[in-house]
Protein chains: 2
Amino acid sequence: MQISSRFTVALHIFTCLEVFKENNKVTSDFLAGSINTNPVIIRKILAQLKNAGLITVARGTGGITVNRPLEEITFYEVYQAIEPIENGDLFHFHEAPNPECPVGRNIHSLLDSKLKAIQNSMEDEMRKYTLADLKIGMQDILAKEI
Amino acid sequence: MQISSRFTVALHIFTCLEVFKENNKVTSDFLAGSINTNPVIIRKILAQLKNAGLITVARGTGGITVNRPLEEITFYEVYQAIEPIENGDLFHFHEAPNPECPVGRNIHSLLDSKLKAIQNSMEDEMRKYTLADLKIGMQDILAKEI
DNA sequence: TTTTGTTGTAACCATTGACATTACATCCAT
DNA sequence: ATGGATGTAATGTCAATGGTTACAACAAAA
């Protein structure tokens, strides 16, 4: 199972914001054009980022503001804002293993800490990258493109 | 998006094998009972593990053999056997970003290495745990249970 | 104050994947 | 041969993803 494209779309949105906000009004239509999807899809993702407190969206006039310094906002925060994971567990268990079976009733004790360690190592790596990396990285790429 | 329960079910299967194989013939019915699911679900997962070369399943008579030493088989190998991920990428992109847009045509250059690093850190952690840990871990738990 | 452009959302729809279930052909040791 | 397994096709249900249309709410500018 792959992690849904909404996460990479969110990173795409932030990158567009930084690259274009000087010279363009970055609307959901504009973003949908760059990402090649539907404006409503963008608005739904913007709503999630807004609910997480990461951005402010101006109604009526349009326009998006990032609420905090770019170096402070990590990929992990974006991921958390976007992915609605049940009690935060990356790995899914089959519900209700048989409590009559010694293995069935202890499988969680056995696996939980190991799976948590795996999930943590992914999330820790996510915390190493910030929106500032997106801005600088894209500016670099564009400077070399010409 | 959570990783499907088939992965934890596979780990459950291996644990049952080690705990019960001495005294019971471990069939798909037996496993389905411990996990609390349908035998056909178990057989499909067994088929994946078989295709990956991790186990041998005896037709007719029934019974499952692990093909290699337990210390050699890591969670990562089980994960790879079970999760059919398109070209191995954990993170999904929206298809066909707009090549007319500077961000759209460069979003992969910008993100690919970072996302790969995140995925790698998860997979590296997965390589730290083996089927031997499952066997020993469960034996420990059961010894304390009495 | 009306117009214009934008966001917020509801209401759908199609597709896909996970998980479940039934049914039956196939296999193999006894 | 037969009894107990596996292999697998066919089908169903459910939830999530991604898309689309439509329209109300809103705010700035004409």
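Every chain is numbered from 1 and lettered A, B, ... according to where its sequence line falls, protein lines coming before strand lines.
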* 5' precedence on DNA chain D between D29(B) and V40(A) (nearest-nucleotide basis) ->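 Whichever sits nearer the 5' end wins; that is D29(B).
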
* Which residue lies toward the 5' end of DNA chain D, H94(B) or K25(B), if each is placed at its nearest nucleotide? ->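 Closer to the 5' end of DNA chain D: K25(B).
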
Quick one: [X] [atom1] to [N] [atom2], roughly how many Å, whole number?
{"X": "Q48(B)", "N": "dT8(D)", "atom1": "CD", "atom2": "P", "result": "12 Å"}
{"X": "R59(B)", "N": "dA25(C)", "atom1": "CZ", "atom2": "C1'", "result": "8 Å"}
{"X": "R43(B)", "N": "dC27(C)", "atom1": "CZ", "atom2": "C1'", "result": "13 Å"}
{"X": "F91(B)", "N": "dT17(D)", "atom1": "CZ", "atom2": "C1'", "result": "17 Å"}
{"X": "I45(A)", "N": "dT17(D)", "atom1": "CD1", "atom2": "C1'", "result": "11 Å"}
{"X": "H92(A)", "N": "dA16(D)", "atom1": "NE2", "atom2": "C1'", "result": "13 Å"}
{"X": "Q2(B)", "N": "dA15(D)", "atom1": "CD", "atom2": "P", "result": "15 Å"}
{"X": "K44(B)", "N": "dA5(D)", "atom1": "NZ", "atom2": "P", "result": "21 Å"}

* Evaluate the criterion side-chain contact (heavy atoms from CB on, under 4.5 Å) for residue pair L131(A) and E72(A); output intermediate values, then yes/no. => CA-CA 8 Å; L131(A) 300 192; E72(A) 271 187 22; over 6 Å; no

Which nucleotide sits closest to the side chain of [X]: [options]?
{"X": "T61(B)", "options": "dA16(D), dA29(C), dA18(C)", "result": "dA29(C)"}
{"X": "N38(A)", "options": "dC19(C), dG18(D), dT20(D)", "result": "dT20(D)"}
{"X": "T27(B)", "options": "dA27(D), dA20(C), dT6(D)", "result": "dT6(D)"}

* Give one of base, sugar-phosphate or nothing for G60(A), where a contact means two heavy atoms less than 4.0 Å apart. =>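 The answer is base, as G60(A) lies within the cut-off (heavy atoms under 4.0 Å) of a base atom.
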
* Pick base, sugar-phosphate or nothing for A47(B), based on heavy-atom distances below 4.0 Å to the nucleic acid. => nothing

* Identify, between M1(A) and L46(A), the residue whose nearest nucleotide on DNA chain C lies closer to the 5' end. =>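 Per heavy-atom nearest nucleotide, the more 5' residue is L46(A).
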
* Asked: What is the minimum heavy-atom distance between I85(A) and M1(B), and which atoms define it?
  -> CG1-N, 4.3 Å

* **Distance-minimising heavy-atom pair for L54(B) and A81(B)** => CD1-CB, 4.3 Å

* Determine yes or no for a side-chain-to-main-chain donor-acceptor pair under 3.5 angstrom, with E125(B) supplying the side chain and N120(A) the backbone. =>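 Checked: no pair found.
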
* **I82(B) backbone acceptor or donor facing R6(B) side chain under 3.5 Å** =>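 Indeed, once roles are kept as given, a pair shorter than 3.5 Å links the two residues.
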
